[in-house]
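Note: hydrogens, waters and symmetry copies are ignored here, and every other heavy atom, side chains too, is used. For clarity, every value in this text was computed on a predicted model and none was experimentally measured.
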Amino acid sequence: METKTYVLFLLLLITILLNTTNKTQARLHKNPSSSSSSFLVLTLTKSSVSLPTPKSQTQEKIKKPLSSVDVVMEPLREVRDGYLITLNIGTPPQAVEVYMDTGSDLTWVPCGNLSFDCIDCYDLKNNNLKSSSIFSPLHSSSSFRASCASSFCAEIHSSDNPFDPCAIAGCSVSMLLKSTCLRPCPSFAYTYGEGGLVSGILTRDILKARTRDVPRFSFGCVTSTYHEPIGIAGFGRGLLSLPSQLGFLEKGFSHCFLPFKFVNNPNISSPLILGASALSINITESLQFTPMLNTPMYPNSYYIGLESITIGTNITPTQVPLTLRQFDSQGNGGMLVDSGTTYTHLPNPFYSQLLTTLQSTITYPRATETESRTGFDLCYKVPCPNNNLTSLENDAMMVFPSITFNFLNNATLLLPQGNSFYAMSAPSDGSVVQCLLFQNMEDGDYGPAGVFGSFQQQNVKVVYDLEKERIGFQAMDCVLEAASHGLNQGS
């Protein structure tokens with residue numbers, strides 16, 4: 001216990017000294033319930049402060065495709081709080097499962113086998129991911145440490161703080177930008193707001209994707225974390241992101257997340273498509289696109305504008321505050337599209353108005369005990385004949401009013417059935433408790449005003465058109481989409 005406390009103290013000290021790249025990057029909220037609850041609310045509300053990269057022979061930004069192949073298809077395995085992508089890193093390749101996260105740039109993996117120290121990490125001790133989530137650089141003949149001259153090092157150490165490890169090592173940010181420092185890139189600390197913290201070194205190694213390789217892939221080799229037992233693949237728009245290093249940042253990608261009921265199902269995976277195939281005319285013609293909102297404060301994140309939300313058949317939708325449609329003068333506001341956030345977050349008082357509207361249309365008895373235990377704000381005891389939850393799921397739109405998101409550019413998304421209210425446990429005695437899986441956006445005055453989470457993206461094809469700077473949505477059966485890509489072995 002004393003050793004862990006000491007390590008935690010060192011990590012927190014590093015964070016305080018650094019004040020580095022990612023300021024209040026994320027919130028990791030455990031569902032404010034008792035330990036008996038089976039739901040973990042993982043809300044990563046990350047951002048990234050970008051810095052100009054060196055203009056020299058060491059410039060490493062990918063400007064051309066790495067091969068003639070213009071598409072990569074990767075399966076995503078669903079776990080209870082996100083979607084995992086497998087990265088094959090090193091020589092010989094080591095398969096490491098990490099979260100797919102559109103809310104950040106850095107890709108990092110736990111390193112070191114027995115030396116990897118994860119403080120206060122329930123998942124590491126009780127999840128089957130332990131053996132398949134740790135990378136050993138000692139067992140890779142192609143692994144080496146990044147240098148200060150690397151533009152990736154400048155990206156992760158974008159701070160003029162004199163306590164930054166680069167400055168301490170004699171490599172100031174100005175030297176990084178001029179690419180005149182030949183020393184190894186110093187260790188970094190990457191913070192995820194209230195709940196998460198990782199510390200490690202920037203490492204280079206070969207990344208083997210299904211149809212192309214990245215010979216000098218740059219990633220964080222993390223040896224100590226707090227609340228972060230599993231690595232993360234950053235899918236943001238920055239230099240360090242996985243799409244950027246694969247050469248797809250000027251094109252785009254798409255995903256279709258399977259519903260929660262397929263958690264840990266080994267026979268089916270969610271399709272993730274990177275490259276031109278994700279943006280084919282046959283696909284984009286059927287989607288409704290809304291423009292990305294750009295701000296210098298968060299240049300690498302995916303922001304869109306929300307105009308209103310329609311509940312049921314109401315003729316007049318509930319108008320949202322301006323902060324959800326646009327940025328303020330400081331660059332705060334907008335709605336962040338983040339696959340690393342489990343549930344959609346909305347700011348008050350708009351969120352409270354939404355709850356009031358829903359309550360006025362739902363006649364089932366409230367399950368207040370479940371609300372207190374889980375931390376969700378609206379839970380109802382719903383009749384479930386013969387304790388058959390499947391039939392209830394098929395009639396979800398008849399049980400609860402529909403919820404429609406109206407984005408800028410007249411783009412609308414009617415949430416698929418099951419994307420708003422969800423059963424908290426198996427039915428019993430002819431009824432089941434279902435809760436609204438939306439949450440209040442805390443600290444909405446700084447950063448995004450709201451977050452569009454992965455739960456509400458289930459059974460929705462989401463296309464990130466980075467060339468035209470727009471995001472498209474189309475509700476669909478992601479089981480069928482998975483089957484069309486050969487990812488449903490049970491069909």
(message) I need the single residue from Phe257, Phe376, Phe260 that forms a ring pair (Phe, Tyr, Trp, His ring centres under 6.0 Å) with Phe455. Which is it?
(response) Phe260
(request) Kindly give the heavy-atom pair with the smallest separation between Pro93 and Lys208, and that separation in Å. (result) CG-CD, 3.6 Å
(message) Under a 3.5 Å cutoff, is there a donor and acceptor pairing between the side chains of Tyr351 and Asp377?
(response) yes
(request) Using modelled atom types only, decide if a donor and an acceptor are shared between the side chain of Tyr464 and the backbone of Thr102 within a distance under 3.5 Å. (result) no
(request) Give a yes or no answer on whether the side chain of Asn459 reaches the backbone of Cys478 with a donor-acceptor pair at less than 3.5 Å. (result) yes
(request) Using modelled atom types only, decide if a donor and an acceptor are shared between the side chain of Glu97 and the backbone of Thr86 within a distance under 3.5 Å. (result) no
(request) Please round to the nearest 0.5 Å and tell me the distance separating atom OH of Tyr83 and atom OH of Tyr99. (result) 12.0 Å
(request) May I ask you to decide if Gln456's main-chain N or O and Tyr343's side chain share a donor-acceptor pair within less than 3.5 Å? (result) no
(request) Look only at the side chain of Thr107 and the backbone of Gly234, and say whether a donor-acceptor pair between them is shorter than 3.5 Å. (result) yes
(request) Indicate whether the side chain of Thr342 and that of Asp81 have a donor and an acceptor atom separated by less than 3.5 Å. (result) no
(request) Measure SG to SG for Cys185 and Cys148 and state whether it is below 2.5 Å. (result) no
(message) Could you check whether any side-chain heavy atom of Glu74 comes within less than 4.5 Å of a side-chain heavy atom of Val72, counting everything from C-beta outward?
(response) yes
(request) Please answer whether the main-chain N or O of Leu202 pairs with a side-chain N or O of Arg145 as donor and acceptor at a distance below 3.5 Å. (result) no
(message) Do Leu346 and Val320 have side chains that approach each other closer than 4.5 Å (heavy atoms only, starting at C-beta)?
(response) no
(request) Drop me the distance from Glu371's CD to Leu436's CG, to the nearest 0.5 angstrom. (result) 10.0 Å
(request) Using a 4.5 Å cut-off on heavy atoms from C-beta on, say whether the side chain of Leu207 contacts that of Leu87. (result) yes
(request) Specify the closest pair of heavy atoms between Ala209 and Asp213, including all atoms of both residues, with the distance to one decimal. (result) N-OD1, 3.8 Å
(message) Are the side chains of Ser143 and Thr203 in contact, using a 4.5 Å heavy-atom criterion?
(response) yes
(request) Measure the spacing between OG1 of Thr344 and CD of Gln457 and express it to the nearest 0.5 Å. (result) 7.5 Å
(message) Testing the basics here: between Tyr302 and Leu466, what is the closest heavy-atom pair and its distance to 0.1 Å?
(response) CE2-CD2, 3.5 Å
(request) For a side chain to side chain contact (heavy atoms under 4.5 Å, CB included) with Ile85, tell me which candidate from Leu242, Val96, Asp101 qualifies. (result) Leu242
(message) To the nearest 0.5 Å, what is the distance between CG on Asp328 and CE on Met297?
(response) 8.5 Å
(request) For residues Arg212 and Leu246, determine if any side-chain heavy atom of one lies less than 4.5 Å from a side-chain heavy atom of the other. (result) yes
(message) Which heavy atom of Ser269 sits nearest to which heavy atom of Leu258, and what is that distance?
(response) C-CD1, 3.6 Å
(message) Test your reading of the model: is there a side-chain donor-acceptor pair from Ser150 to the backbone of Phe152, 3.5 Å cut-off?
(response) yes
(message) Quick check for you: to the nearest 0.5 Å, what is the distance between Leu408 atom CG and Gln326 atom CD?
(response) 9.0 Å
(request) State the CG-OG distance between Asp338 and Ser454, to the nearest 0.5 angstrom. (result) 8.0 Å
(message) Looking at every non-hydrogen atom in both residues, tell me the closest pair between Ser104 and Ile232 and how far apart they are.
(response) OG-CG2, 3.9 Å
(message) Assess the residue pair Phe135 and Phe116 against the criterion (ring pair (Phe, Tyr, Trp, His ring centres under 6.0 Å)); give the C-alpha distance rounded to whole Å, side-chain angles, the decisive distance to 0.1 Å, and a yes or no.
(response) CA-CA 10 Å; Phe135 173 75; Phe116 175 66; over 10 Å; no
(message) Within the 3.5 Å criterion, strictly below it, is a donor on Asp205 or Ser140 matched to an acceptor on the partner's side chain?
(response) yes
(request) Mark yes or no for whether Ser241, through its side chain, and Ser244, through its backbone, hold a donor-acceptor pair below 3.5 Å. (result) yes
(request) Check for a donor-acceptor pair, side chain of Ser224 on one end and backbone N or O of Ser199 on the other, with a separation under 3.5 Å. (result) no
(request) Decide, yes or no, whether a salt bridge links Glu467 with Lys251 under the criterion of side-chain N to carboxylate O below 4.0 Å. (result) no
(message) One pair to check against side-chain contact (heavy atoms from CB on, under 4.5 Å): Leu279 and Val463. What are the steps and the verdict?
(response) CA-CA 7 Å; Leu279 306 171; Val463 174; 3.4 Å; yes
(request) Would you sort out whether Phe327 and Asn294 count as a side-chain contact (heavy atoms from CB on, under 4.5 Å), showing the intermediate values? (result) CA-CA 9 Å; Phe327 296 113; Asn294 295 309; 5.8 Å; no
(request) Inspect the contact between Glu469 and Arg237 and indicate whether a charged nitrogen and a carboxylate oxygen are less than 4.0 angstrom apart. (result) yes
(message) Quick check: do Ser254 and Ser277 have side-chain heavy atoms less than 4.5 Å from each other?
(response) no
(request) Apply side-chain contact (heavy atoms from CB on, under 4.5 Å) to Leu336 and His345, showing your working. (result) CA-CA 10 Å; Leu336 178 68; His345 286 58; over 6 Å; no
(request) Could you check whether the rings of Phe438 and Phe405 sit parallel, tilted or perpendicular, using 30° and 60° as the cut-offs? (result) parallel
(request) Step by step, work out the side-chain contact (heavy atoms from CB on, under 4.5 Å) result for Ile471 and Asp465. (result) CA-CA 6 Å; Ile471 296 179; Asp465 187 343; over 6 Å; no
(request) Could you pull out the closest heavy-atom pair between Ile304 and Thr290, with the gap in Å? (result) CG2-CG2, 3.7 Å
(request) Using atom types as modelled and distance alone, determine if a side-chain donor or acceptor of Gln245 lies under 3.5 Å from a backbone N or O of Leu240. (result) yes
(message) Are Glu78 and Gln458 packed together at the side-chain level, in the sense that at least one heavy-atom pair is separated by less than 4.5 angstrom?
(response) yes
(request) May I ask you to test the Ile89-Ile206 pair for a side-chain heavy-atom distance under 4.5 Å? (result) no
(request) Step through it carefully: locate the ring centre of Phe235, locate the ring centre of Phe253, and say whether they are under 6.0 Å apart. (result) yes
